[in-house]
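Written out below as C-alpha cells is the structure these notes cover.
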Number of protein chains: 2
Amino acid sequence: MNRSMNIGEAAKISGVNAKLIRHYESIGIIPKALRTDSGYRIYSESDVNTLAFVRRARGLGFSMKEIKKLVSLWRNRSRTSHEVKTIALAHVGEMERKISELQEMVKTLKHLAKNCHGDQRPECPILDNLGKPE
Amino acid sequence: MNRSMNIGEAAKISGVNAKLIRHYESIGIIPKALRTDSGYRIYSESDVNTLAFVRRARGLGFSMKEIKKLVSLWRNRSRTSHEVKTIALAHVGEMERKISELQEMVKTLKHLAKNCHGDQRPECPILDNLGKPE
DNA sequence: TTGGACCTTCCCATCATTGGAAGGTCAAGC
DNA sequence: GCTTGACCTTCCAATGATGGGAAGGTCCAA
C-alpha cells in the first residue's frame with residue numbers, strides 16, 4: 001500500500017504520459033512532485049489519481065484553466081456543487097456554440113459540394129463561392 | 001480602374017487585417033507583394049480578391065494548408081472540379097468527426113450535470129465521475 | 001564495468017493569430 | 001521647412017496543449 005513510483009510508472013497507471021506530467025507540473029495544474037536525492041520525481045497513488053482526474057477532464061474537453069479550477073475544487077472539502085456545476089455548464093455552452101458553428105460550415109460546404117460535378121471539368125461552385133460571394 | 005493600394009486599404013477592402021496579410025505572405029498563402037521604392041507593399045484589386053478568397057475559406061473552417069491548395073486551384077485554369085470537391089468533402093468529414101466528438105462530450109457532461117444539485121453542498125457527481133470512473 | 005532503459009532540463013515545432021517594440025515614410029497643417 | 005500623427009516596415013514573443021529531440025545524469029542487471 002501507499003507505494004511511491006517514478007514518473008514512468010505514474011504515467012502508465014494514470015494514462016498521462018511522462019512528458020505531459022512534467023508539463024502539467026510546470027503550469028501548476030498539479031503540485032510540484034517530491035524528488036529523490038538524485039532528482040527523480042516521486043509520485044504517490046494520490047498523485048496518480050489526480051493525474052487520471054486531469055486526463056478524464058481533458059477527455060470531456062475542459063481547458064487546462066478549467067481543469068486547474070476543477071482539481072482545486074475536487075481537493076477542497078468546503079467546495080459547493082454549485083461552483084462545479086457552473087463550470088461544467090459553461091463548458092457545455094461553449095461546446096454547443098462550437099457545434100453550431102461547425103454545423104453551419106458543414107451545411108454550407110455540403111450544399112456547395114452537392115452542386116459541384118467533381119469531374120474533369122474546371123467549373124466549380126465551391127471555388128466560385130469563395131471567389132465572389134455576391 | 002486597376003487601382004493599386006497599400007496594405008491598410010487592402011485590409012479594409014478584403015476584410016483581412018494588415019498583420020494577417022503580412023503573415024499570409026510570409027507563409028506562402030499569397031505571393032510576395034510588389035513594393036514601392038520606400039518598401040511599402042502594393043496591392044492590386046486582384047490581390048484583394050485573393051485575400052477575400054482566403055478570408056471566406058477560413059470562414060468555412062479550412063486549414064491554411066488546405067487554403068493554400070484551394071488558392072492554387074482557383075488560380076489554375078486546368079484544375080479539375082474533382083480536386084476541389086475532394087478537398088471540400090475531406091474537410092466536411094473532418095468537421096463531422098469533430099462535431100460527433102463534441103456531441104459525445106456534451107451528452108456525458110449534461111448527464112452528469114443533471115444529477116448535480118448545484119447548491120451549497122459539496123457532493124457532486126461531476127467530480128465523482130472525474131475522480132473515479134469505475 | 002558496461003549497457004540500456006530510465007530520468008533530468010532545455011529548446012523548438014505545431015496552428016492561426018495577435019501583440020508590441022523600434023524605427024522608417026507619408027501627407028496635412030502651420 | 002518642420003512637426004505631428006497616421007501609416008508602414010521588420011522582428012520577436014505569446015497564446016494552448018502537446019510532441020519531439022538533444023545533451024547529460026541515474027539506476028539496475030548481467
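Here is how names work: the chains are called A, B, and so on, in the same order as the sequence lines, proteins then strands, and each is numbered from 1.
- Residue A/R77 places its CZ atom among 12 or fewer non-hydrogen atoms of other residues, nucleotides or ligands, all under 6.0 Å distant.
- Close to C/dT17, at under 4.0 Å from its OP1 or OP2, lies a side-chain N or O of B/R58.
- In this structure, the CE atom of B/M5 is 18 Å from the P atom of C/dC26, given to the nearest Å.
- Salt bridge status for A/R97 with A/E94: present, with a side-chain N to carboxylate O gap under 4.0 Å.
- Counting non-hydrogen atoms under 4.0 angstrom, B/R41 reaches the backbone sugars and phosphates but no base.
- You can see that DNA chain D meets the heavy atoms of chain B within a 4.0 Å-exclusive cut from D/dC7 to D/dT10, reading 5' to 3'.
- Among the protein residues, A/F62 comes within range of no part of the nucleic acid, since none of its heavy atoms lies under 4.0 Å from any strand.
- Counted by atom type alone, B/D119 and A/S81 present one or more donor-acceptor pairs between their side chains at under 3.5 Å.
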Trace of the side-chain contact (heavy atoms from CB on, under 4.5 Å) decision for B/I67 with B/R58: CA-CA 8 Å; B/I67 291 173; B/R58 280 299 302 150; 3.5 Å; yes
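- Within the 4.5 Å cutoff, the side chain of A/R41 has no heavy atoms near those of the A/N6 side chain.
- Spacing between atom CZ of B/R55 and atom P of C/dA16 amounts to 17 Å, rounded to whole angstrom units.
- Closest non-hydrogen pair, B/I29 versus B/K68, comes out as CD1-CB, 3.9 Å.
- Using a 4.0 Å heavy-atom distance criterion, B/T36 is classed as making no nucleic acid contact.
- Using a cutoff of 4.0 Å between basic side-chain nitrogens and carboxylate oxygens, A/K110 and B/E96 are scored as salt-bridged.
- Using a 4.0 Å cut-off, no side-chain N or O of A/N6 falls inside it from OP1 or OP2 of C/dC6.
- The phosphate of C/dT9 (OP1 or OP2) has a side-chain N or O of A/R35 nearer than 4.0 angstrom.
- A rotation axis mapping the C1' atoms of four pairs onto the next four is fitted at both ends of the helix from C/dT1-D/dA30 to C/dC30-D/dG1 over five pairs, and the angle between these axes is 30° to 10 degrees.
- You'll find that the side chain of B/Y40 is closest to C/dG24, out of C/dC10, C/dG24, C/dT18.
- Of the N and O atoms on the side chains of B/S63 and B/E66, at least one donor lies less than 3.5 Å from an acceptor on the other residue.
- Between B/N17 atom CG and C/dA16 atom P the separation is 15 Å, expressed in whole Å.
- Mapping A/D37 and B/I7 onto DNA chain D by nearest heavy atom places B/I7 closer to the 5' end of the strand.
- Whole-Å rounding puts the B/I27 CD1 to C/dA16 P distance at 7 Å.
- Where A/S38 and A/K65 each meet DNA chain D at their nearest nucleotide, the meeting point lying more 5' is that of A/K65.
- No hydrogens or angles considered: nothing links the side chains of A/D47 and A/T50 as a donor-acceptor pair under 3.5 Å.
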